[in-house]
Amino acid sequence: MAFRLLKLAIALTWLANVQVQAATTMWFNKTTIIPIGNGRLGAEVFGQIPTEVLVLNEDHIWSGSINDPSNKNCPGVLPKVREAIWKDDLYTAQSTVDASCMATPLKQQVFQTAGNLTLAFPSVASSSISAYNHSLDLATAIATTTYTTQDGVLFTRTSFASHPDNVIVMKISANVSGKVGFEAKFTTPMDNPKFSVNKSSLSLTARGTTMYTLPGSIEFLARAEISAVGGSVQPGRNGDTLSVSGADLAVIKIAIDTNYMRYDDISGNPEAKVSETLAAVRNKTWQGLRDAHVDDHAGLFGRVDITLGTPTQYSYLPTNFRKNLPGGADADADLFALYVQYGRYLGIASSRKTEPSNLQGIWNQETNPAWGSKYTLNINQQMNSWLSEPLNIAETLDPLWNLISEMAERGTVTAVEEYNITRGWVGHHNTGIWRDSTPIDAAFYGMWPMAPAWLMQNAYEHYAFEPNNIDWVKNVAYPLMKGLCEFYLDFVVVTPKDVEPQEYIVTNPSMSPEKGIGDYNDTNVSLTYGSTIDNSLLRDLFNHTTEFANLLDVDAEFAENLTATMGRLMPLSIGSEGQIREWARDYNPGGCVCCLFSIPHLYLLVDCLIACHSVFTHISHMYPLFPSAQIDPRLNSTLARAANVSLMLRGDSGNGWPTAWRANCFARLLDGEKAYYYMKRLLNSFSYDNLWSKNSVFQIDANFGGANAVAEMILQSHNGEVHLLPAIPSAWASGRVKGFRVRGGFTVDMGWSGGKLEEVVFRSTSGTGANVRYNDKVVPLELLKGGQRTLGILDFEAEHISKMSVLT
Ligand SMILES: *[C@@H]1O[C@H](CO)[C@@H](O)[C@H](O)[C@H]1NC(C)=O
Ligand SMILES: *[C@@H]1O[C@H](CO)[C@@H](O)[C@H](O)[C@H]1NC(C)=O
Ligand SMILES: *[C@@H]1O[C@H](CO)[C@@H](O)[C@H](O)[C@H]1NC(C)=O
Ligand SMILES: *[C@@H]1O[C@H](CO)[C@@H](O)[C@H](O)[C@H]1NC(C)=O
Ligand SMILES: *[C@@H]1O[C@H](CO)[C@@H](O)[C@H](O)[C@H]1NC(C)=O
Ligand SMILES: *[C@@H]1O[C@H](CO)[C@@H](O)[C@H](O)[C@H]1NC(C)=O
Ligand SMILES: *[C@@H]1O[C@H](CO)[C@@H](O)[C@H](O)[C@H]1NC(C)=O
Ligand SMILES: *[C@@H]1O[C@H](CO)[C@@H](O)[C@H](O)[C@H]1NC(C)=O
Ligand SMILES: *[C@@H]1O[C@H](CO)[C@@H](O)[C@H](O)[C@H]1NC(C)=O
Ligand SMILES: *[C@@H]1O[C@H](CO)[C@@H](O)[C@H](O)[C@H]1NC(C)=O
Ligand SMILES: *[C@@H]1O[C@H](CO)[C@@H](O)[C@H](O)[C@H]1NC(C)=O
Ligand SMILES: *[C@@H]1O[C@H](CO)[C@@H](O)[C@H](O)[C@H]1NC(C)=O
């Protein structure tokens, strides 16, 4: 007993020390985009002198309008498509789908910027500025820019996006009275812009642009209300500027709203919404707004602490210098802790209540951004969601559940119109605020009705991490999953005996997203039957839906049918080069014989591999390894080795999200060094100065995927075990985490040093058990709801490990 108390005291002591850390500060000694957001409103704060720019986003400002994009010729041609695929006439299959199944218009509507608020300060020679510091405190979500002018005046700009008060707030102050002066003005590339101004506010109204033949229909209003202490605020001559002069400080409050209510309702009144928002904050002090914002943000952000090693001299460099340290970040492991916290910060800033974070979060400068800055559902949106559960910001997924529910409403019509399937719903590889669910772009990319099954894997995790979420399962997840299963039960087909003697149940058409199989009649095709990701997605969906039906005690016969169908799905198998076979037919594994001799760390033989592999971004056949857990080296080393071969054959790929995905995969293969190699690559090669991730241009998915990979290296919790330090690289010999979540309903605090576990504290939110693995020992743990338990290294060294008692 005394020993127990002593252990507890030790645990509490080191937990108290966890707080002190540099991992929540980013700063720059040059202008750099600092993103702030309240989930709905986003701003890029540039920190420029003399003219500051805030690029503004509101998450419902999209192009075009709703239409019925379905191609109603599709049901008529599906039998022909399937027949061609059985005969391996993939050209006919793909060209038939292109001709008869694709949406009109062929492309989907895009996310658009609201425009800029520019603040023109008196011009100064940049050489006369000193002590410039542009920083972001992740713990308070406040961006600060400070600089001193030649005459010794210290200027400070402080910006935040308040979720509780629904506004973006910027305060501009100087340490000498009467020195604050600037001219504020909106600019926008959007349609039909109108500017107006009065004594205290500046307004812009405009409309989403017409795109791909669909007329722009989102109307929005952006208003900046400016107040000053001392000095004056006055409208400019042209009716579109507001000038502050001779003030001690000025506060700008920005509200933006649209006519969007729902995908099928754009009757909202932006003027009424904005007026109400600004009226509600008019009498609040800056300090009051700031404190409410910090409290709200800290309520989510403050749940997790992470440190990786002791901060070094490098940890105190400007963030862009840390990222570019020669020799990688080995000397500054804490940069990866910052990367985790930044991912969490970005999640909180871009996904609260309204829309989920899209390809660019809510930080888009354009009217026609790369890939439409849409919700891309064949990896990217899923990757955006990975960190939310383990890194303890599960609430940021609420907008995703809403998006899926609304897409399912439209997907019910798509199921009928595109597939002649009269129950359930379907979606394809992209969606947006109009909740489109049809195949777009081209058959090669778009004819993939499996995207929603992948979203439902995320939904299952929401329950796996918190088994208390039963009401949510009942009201949100299960109805969506059941409907999707109904669609797939009608969509799948049995392979003809001359194609597969075992008569498997498969998808047809099917693809391994965006991966060409090869040339058929001089055309690169992707459509075939029974891709590995499709088989694996159906296995997960049917399994999880069955589990939920049992949990809720409903639909017993339906669940039995699902289980029976699941048993006839094509299993994972190994292809001609030792890889996880990507499609039912072992097409084009891409590689050469040398890669067969797969031993751990063969990746170091770079030359061989460069000659061998066919580099490609997507690794969809690794879905069963990560994010799913159907391949697990602890359960089947044959499959795990084959996954390793697949990853080598696929090569490194030159972009952010593929690199982040690979890092997660190697963490799941328990290969910490290789996971670390990809994390360094992500930081060094595919991150901007502000650590935004790159997919040729800024794309946010790898920020989330990379943060999650760090978490996967530290703690895993699939297939019935919580695994401590499963893939820790030697560079992270010591570290501490607090507030990580694991499946089964626990939060976990853990410390390690010298590469070895020190202590781990489990707190149960649901009163379920856990099997806790450290190296080759597994300790069963049972906690009551609210119970807490500390395990030390000795607990894993006992010769005979017995069941731990139930503690509260
Ligand atoms: C910014 O900081 C880096 C690293 O300390 C330094 O090398 C560089 O000169 C600084 N740049 C400016 C403009 O102060
Ligand atoms: C759609 O399904 C119904 C009922 O099975 C069938 O009668 C009809 O022929 C189908 N339509 C097409 C275009 O396949
Ligand atoms: C810039 O500001 C950040 C955040 O306050 C701080 O951590 C950093 O030390 C500052 N840099 C300098 C050179 O003062
Ligand atoms: C304002 O700040 C600057 C830079 O820190 C300092 O040199 C100056 O003395 C301050 N002025 C006043 C009036 O406090
Ligand atoms: C808004 O600011 C960004 C960044 O400076 C710039 O690229 C863009 O052209 C500006 N847009 C407008 C409409 O002024
Ligand atoms: C300026 O316009 C805003 C928004 O229309 C309004 O709320 C405010 O009362 C106006 N102020 C003055 C002084 O007219
Ligand atoms: C703001 O304060 C003024 C003056 O104290 C008061 O007349 C007004 O009703 C207040 N408005 C709101 C929205 O609280
Ligand atoms: C087919 O497309 C894939 C991309 O999915 C590409 O890697 C491959 O090189 C293409 N093949 C041909 C022959 O164009
Ligand atoms: C293959 O391409 C040739 C020439 O482009 C075309 O004439 C032929 O019809 C195509 N074959 C099929 C099966 O479509
Ligand atoms: C179904 O899910 C359970 C719980 O996650 C898992 O243990 C089991 O292996 C899964 N079955 C299949 C066939 O994937
Ligand atoms: C189960 O499958 C059988 C055979 O396909 C079918 O007749 C029955 O309606 C299904 N039951 C449910 C509840 O879906
Ligand atoms: C591992 O998976 C392979 C391929 O599916 C299978 O043949 C083998 O039986 C599995 N081994 C174990 C130990 O389950």
Side-chain angles (χ1 to χ4, degrees), residues 30-35 42-57 61 112-120 128-134 144-156 173-180 184-195 202 204 206-207 209 220 222 240-241 248-249 254 360 363-370 502 504 532 535-536 539 567 569-575 578-581 584 586 621 624-625 629-646 688 690 692 697-698 719:
K30 59 170 204 163
T31 65
T32 307
I33 294 172
I34 288 182
E44 296 172 35
V45 184
F46 280 68
Q48 293 177 158
I49 305 167
T51 301
E52 175 62 308
V53 172
L54 299 185
V55 175
L56 300 169
N57 280 194
I61 300 178
Q112 304 193 304
T113 184
N116 297 350
L117 180 68
T118 61
L119 307 172
S128 70
I129 298 295
S130 61
Y132 178 85
N133 192 347
H134 187 44
T144 308
T145 314
T146 56
Y147 58 95
T148 307
T149 49
Q150 207 157 25
D151 51 355
V153 182
L154 168 67
F155 286 92
T156 305
S173 61
N175 71 345
V176 176
S177 66
K179 289 289 180 184
V180 171
K185 181 178 163 56
F186 279 120
T187 57
T188 187
M190 300 297 284
D191 270 2
N192 197 27
K194 293 200 171 67
F195 303 92
L202 201 56
L204 154 70
R207 187 191 306 134
T209 72
F220 70 90
D240 61 353
T241 61
D248 302 343
L249 68 80
I254 305 163
Q360 297 186 15
W363 298 287
N364 162 33
Q365 301 183 3
E366 304 184 23
T367 54
N368 200 353
Q502 291 90 336
Y504 289 120
T532 291
N535 301 330
S536 306
R539 199 153 29 241
L569 296 171
M570 198 174 257
L572 291 168
S573 67
I574 295 176
Q579 87 287 12
I580 296 288
R581 203 190 268 197
D586 194 11
H621 51 329
L625 173 65
Q630 297 174 28
I631 298 174
D632 183 336
R634 298 166 306 180
L635 301 178
N636 189 320
S637 56
T638 311
L639 290 173
R641 267 198 304 275
N644 198 39
V645 172
S646 285
Y688 290 94
N690 67 358
W692 266 354
V697 295
F698 162 52
N719 289 330

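Small disclaimer: the values here were computed from a predicted structure and weren't measured. Heads up: numbering here begins at 1 and tracks the sequence. First listed ligand is number 1; within each ligand, the first listed atom is number 1.
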Provide the number and element of each atom of ligand 12 under 4.0 Å from a heavy atom of Asn636.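 Those qualifying, in numeric order: 1 (C), 2 (O), 3 (C), 8 (C), 10 (C), 11 (N), 12 (C), 14 (O).
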For Leu572, atoms of ligand 12 separated by under 4.0 Å from a heavy atom: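 Listed by number with element, the hits are 5 (O).
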Least distance between heavy atoms, [X] atom then [Y] atom:
X: Thr146; Y: Leu154; answer: CB-CD1, 4.3 Å
X: Ala174; Y: Val180; answer: N-CG2, 3.8 Å
X: Pro189; Y: Gly115; answer: CD-CA, 4.2 Å
X: Met190; Y: Gln112; answer: CE-OE1, 3.0 Å
X: Ala206; Y: Thr188; answer: CB-CG2, 4.4 Å

Atoms of ligand 5 less than 4.0 Å from [X] heavy atoms?
X: Val53; answer: 2 (O)
X: Gln365; answer: 3 (C), 4 (C), 7 (O)
X: Pro189; answer: 13 (C)

Student check: side-chain heavy atoms of [X] and [Y] closer than 4.5 Å:
X: Ile34; Y: Asn690; value: no
X: Glu366; Y: Thr113; value: no
X: Leu202; Y: Phe195; value: no

What orientation do Trp692 and Phe698 show, parallel under 30°, tilted 30 to 60°, or perpendicular over 60°?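 Parallel.
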Kindly confirm or rule out an N or O of Thr638 lying under 3.5 angstrom from an N or O of ligand 12.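 No, Thr638 has no N/O under 3.5 Å of an N/O on ligand 12.
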Taking only residues two or more places apart in sequence or in another chain, which ones pass side-chain hydrogen bond (donor to acceptor under 3.5 Å, both in side chains) with Glu44?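 Per chain and number, Glu44 pairs via side-chain hydrogen bond (donor to acceptor under 3.5 Å, both in side chains) with Gln365.
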Is ligand 5 under 4.0 Å from a heavy atom in the side chain of Val55, in the backbone, in both, or in neither?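 Side chain only; the backbone of Val55 stays clear of ligand 5.
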Do any heavy atoms of Gly115 fall under 4.0 Å from ligand 5?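 Gly115: no contact with ligand 5 (<4.0 Å).
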Please produce the table of protein N or O atoms sitting under 3.5 Å from N or O atoms belonging to ligand 4, one pair a line, distance to 0.1 Å.
from, atom 1, to, atom 2, distance (Å)
ligand 4, 2 (O), Asn175, ND2, 2.3
ligand 4, 11 (N), Asn175, ND2, 2.9
ligand 4, 14 (O), Asn175, ND2, 3.4

Would Thr188 count as being in polar contact with ligand 5, using the rule that some N or O on each side must be under 3.5 angstrom apart?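 No; the residue has no nitrogen or oxygen that sits under 3.5 Å from a nitrogen or oxygen of the ligand.
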